[in-house]
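The block underneath contains the structure these notes are about, expressed in structure tokens.
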Amino acid sequence: MNPRDHLDTSVSKRRVTDEAAWTPWLAGLREFPDQQYERVVVVAAHPDDETLGVSGLMQVLHERGTDVRLVVATDGEAAFPTLSTADRAELGRVRRRELTDSLHIQGMSSVDIHWLGLPDSDLTRHRTELAELLTGALADADLVLAPWPGDPHPDHQCAGEIALRVAPVTAHRWSYPIWMWHWLRPDDPAVPRSRAAGVPLDPARRERKSAGIAAFASQLRPGPEGTPILDSATLSHFDRDLEVVFREPPRDSAPPARFADLYAEQDDPWSVLDSWYERRKRAISLACLPDERYGTIVEPACGIGQLSVDVANRCDQLIAFDPVASAVERARARVAHLPHVRVDVGALPEFPAGPVDLVVFSEILYYLSDADLDSTMDAAVAALRPGGHLLAAHWLPWAPEAPRDGMDAHRRLLAHPDLDALVEHVDQEFVVHVLRRR
């Protein structure tokens, strides 16, 4: 955590934002998803960022027995710019001890700390080295918590941007703000409230967080410039019963290689043959179709072809495709007895020419980037005959490889100007819509 002198010049001259200004913004935030993780890596630009930003979330995960690790990019030795070289080195040693003490006070002594030792307030000149170090440190994480890349501090921006970029495709990615609360305002368009989630802090965790912050004495007492780094106004933003993190989904479509790896490991990676979720979803999806029979059906991302078998019984011709060759081979074997079914290797947004009577999107649209999703929707609508149907069925939780969740994909379908909604089913696990082309 560094002082105002190291903040972006575009914000360092602004009037600070009072904590009360954030109160309406904090109201009604969705809660951070309650799910299990095995290995969590928290990235901090400076010692104390993690405690200010996500102490409560770290406590929750640690209490569940999750393997929580902490990677600290710098020692925070440049917090006071006027210090001599020797004094900076000593401050770095002090801040390392403070972080160790803080974690102990918070009941997280077992959290492994990986010190990168890069220059404080100079991370942007060490981007390549930081990327190499973080790539190794994050390699086996299934949850990455990093500084918010939009935070008005160059070190936070650099650490957050690089950590989120090199995080494994299989990891859920979230960021946490620090100086945002102090230097930006709730109505700033850079503040991504639509991606925000709250982490409630019960009284015990809130007290441990407060005690953990107090352990960073070097940041709380006046420095050589006469003011502390963490003054009372700054600290007020972290004395809440709620922490805030921002989901940081990938912007690109999920890579086909990811799915090829899954099929290489298992014949049926999603248990489509056996799981109750899959069997129930298929039954409800098929029951939602208004017509008993269709002429031509197109099914992208058909996987191993179990849904293909079901929809083949409702049509004269089925064109199915998937980007993974091994999945296509298994699907072809499953439909070998059905001469009116063709299964090819192919990936969205490429789409067969029409006219088509029904398009089936099952567990695929949330894996697409904004551009690929728009292209896919337009191509599907163009292929559909007027009055043709589009069936979409998707899991509601957010997959780590996905740029969006299932409901967001369906909202985009429902907003398409050439589609009208006919049927809707929403429950706690998945959403199904049938739409008609105008």
Side-chain angles (χ1 to χ4, degrees), residues 250-256 259 282 285-286 288-303 305 307-308 310-325 327-328 331 335 338 340-395 402-425 430-438:
R251 296 182 179 180
D252 297 330
S253 296
F259 304 108
R282 284 197 301 273
S285 298
L286 293 166
C288 286
L289 290 174
D291 294 349
E292 182 178 4
R293 192 159 186 86
Y294 293 85
T296 299
I297 297 178
V298 173
E299 183 198 0
C302 63
L307 180 58
S308 306
D310 293 333
V311 296
N313 293 324
R314 303 272 295 269
C315 69
D316 300 326
Q317 179 186 30
L318 171 62
I319 303 170
F321 58 94
D322 195 276
V324 180
V328 168
V335 301
L338 301 171
H340 65 294
V341 177
R342 188 180 87 218
V343 184
D344 298 319
V345 175
L348 296 171
E350 296 180 6
F351 208 88
V356 173
D357 299 287
L358 171 66
V359 174
V360 176
F361 288 126
S362 179
E363 311 288 18
I364 180 57
L365 295 182
Y366 49 67
Y367 287 121
L368 301 180
S369 67
D370 286 350
D372 284 347
L373 179 55
D374 288 343
S375 296
T376 293
M377 290 190 298
D378 289 342
V381 169
L384 277 171
R385 63 168 175 79
H389 295 159
L390 188 154
L391 168 67
H394 291 84
W395 190 49
R404 69 195 77 254
D405 61 12
M407 189 58 80
D408 180 74
H410 281 237
R411 280 193 290 265
R412 289 170 179 258
L413 280 173
L414 292 167
H416 196 285
D418 294 323
L419 294 173
D420 292 320
L422 296 180
V423 182
E424 178 180 75
H425 170 86
F430 59 86
V431 56
V432 177
H433 279 100
V434 179
L435 303 100
R436 179 177 56 201
R437 184 186 172 183
R438 293 178 179 174

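Just so we're clear, the structure is a prediction, and the values are computed from it rather than from any experiment.
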query = How long is the span from the CG atom in L348 to the CE atom in M377, to the nearest 0.5 Å?
reply = 12.0 Å

Reported CZ-to-CG distance for the pair R438 and L384, which is rounded to 0.5 angstrom = 13.5 Å

ask   = Which residues pass the salt bridge (Lys or Arg N to Asp or Glu O under 4.0 Å) test with D252, sequence neighbours left out?
value = none

Just wondering, do [Y] and [X] contact through their side chains at under 4.5 Å, heavy atoms?
| X | Y | result |
| --- | --- | --- |
| L286 | V311 | yes |
| C315 | D357 | no |
| L413 | H416 | no |
| Y367 | D372 | no |
| S285 | L391 | yes |
| F351 | V359 | yes |

key: Y366: partners by ring-ring contact (aromatic ring centres under 6.0 Å, His included), with sequence neighbours left out   = H394

Please report the shortest heavy-atom distance between [X] and [Y], naming the atom on each side.
| X | Y | result |
| --- | --- | --- |
| A402 | P250 | O-CD, 3.5 Å |
| P300 | V360 | CD-O, 3.1 Å |
| N313 | R293 | O-NH1, 3.2 Å |
| D370 | R404 | OD1-NH2, 2.6 Å |
| D291 | R314 | O-NH2, 2.8 Å |
| V432 | C288 | CG1-SG, 4.0 Å |

query = Under the ring pair (Phe, Tyr, Trp, His ring centres under 6.0 Å) rule, what pairs show up with a residue in residues 371-392, not counting sequence neighbours?
reply = Y294-H389

message = Go through it in stages, so that I can follow the logic: the residues are D374 and R412, the test is side-chain contact (heavy atoms from CB on, under 4.5 Å), and I'd like the CA-CA distance, side-chain angles, deciding distance and then a yes or no.
response = CA-CA 9 Å; D374 288 343; R412 289 170 179 258; 4.2 Å; yes

query = Does a side chain donor of either E424 or H433 reach within less than 3.5 Å of an acceptor in the other side chain?
reply = yes

More than 12 heavy atoms of other groups within 6.0 Å of R436 CZ = no

request  = Spell out, as yes or no, whether a donor-acceptor pair under 3.5 Å connects the side chain of R437 to the backbone of R385.
outcome  = no

key: CA sep, side-chain torsions, deciding dist, call: C302, V343, side-chain contact (heavy atoms from CB on, under 4.5 Å)   = CA-CA 8 Å; C302 63; V343 184; 3.9 Å; yes

